[in-house]
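For the numbers below, each heavy atom of this structure counts, side chains included, while hydrogens, waters and symmetry mates do not.
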Amino acid sequence: MNEDFAEDNRLAYAGLTALAELMENVGSTLDPDEDNRPYFVAWGLLAAMHRQASAVVLLHRKGFGHEAAPNRRALIEHMAQIRWLAEDGADAVDTMNLALKRSQKKLRDAADLAGMSYDPTIPDLVQAAEIPSNPANTPAVDRDLHVWAACR
């Protein structure tokens, strides 16, 4: 198998450059009277994608392409979440927040069970967060959320 690393690197750098340019211009047209949470969550995911893509390029350049698999998976997951945010907006944000709340509770319960010590500031804030009731979070969606969280 003859791989053209120069071409792969050229394409990767072009993609990273385009992503960096996109990140420079985000938020310039936000309406302050609207719910901008989907934008902020998507922007955070986009920033994470930029870092993950950079890590993939660096790992490949050093001959660790196989080890970059978790980073590539994170890129795909973030892209799917951004699309979900684009389609469902605030409903997606609320559901993502519920998923975070549940995963943080499971992590905290496991740490407590193991007798581990940790700073409870963030877990306390996550658990105290009030997530508004949302018609998208029906029992069927709740079941699907458990399946999605279990796959992570």
Practice item. Answer yes when Asp124 and Arg108 have at least one side-chain N-carboxylate O distance shorter than 4.0 Å, and no when they do not. Key: yes

Point to revise | CG on Leu125 to CD on Gln104, rounded to 0.5 Å | key: 10.5 Å

Review point. Taking atom OH of Tyr118 as the centre, does the number of heavy atoms from other residues, nucleotides or ligands within less than 6.0 Å exceed 12?
Key: yes

Revision key, fill the gap. So CD of Gln52 and CD1 of Ile76: to nearest 0.5 Å the spacing works out to 11.5 Å

Exercise for review: Kindly compute the distance separating CD (Glu77) from CE (Met49), expressed to the nearest 0.5 Å.
Suggested key: 11.0 Å

Point to revise | Closest non-hydrogen atom pair, His66 against Arg72 | key: O-NH2, 4.3 Å

Practice item. Considering non-hydrogen atoms only, spot the tightest contact between Pro38 and Ala90 and give its length. Key: CG-N, 3.5 Å

Check your understanding: Do Met96 and Leu85 come within less than 4.5 Å of each other through their side chains, counting heavy atoms only?
Key -> yes

Check your understanding: With distance as the sole test, does Lys105 use its side chain to make a donor-acceptor pair with the main-chain N or O of Gln127 at under 3.5 Å?
Key -> no

Exercise for review: Measure the shortest side-chain to side-chain distance between Trp84 and Thr95 over non-hydrogen atoms and say whether it is less than 4.5 angstrom.
Suggested key: yes

Check your understanding: Taking side chain as C-beta onward, heavy atoms only, is Ile82 less than 4.5 Å from Val41?
Key -> no

**Study point:** Any side-chain heavy-atom pair of Leu113 and Asp109 under 4.5 Å
**Key:** no

Review point. When rounded to the nearest 0.5 angstrom, what is the spacing between CG in Leu107 and CZ in Arg102?
Key: 16.0 Å

Check your understanding: With a 4.5 Å limit on heavy-atom distance, are the side chains of Pro123 and Val126 in contact?
Key -> no

Practice item. Hey, could you give me the CG/CG distance between Leu45 and Leu75, rounded to the nearest 0.5 Å? Key: 11.0 Å

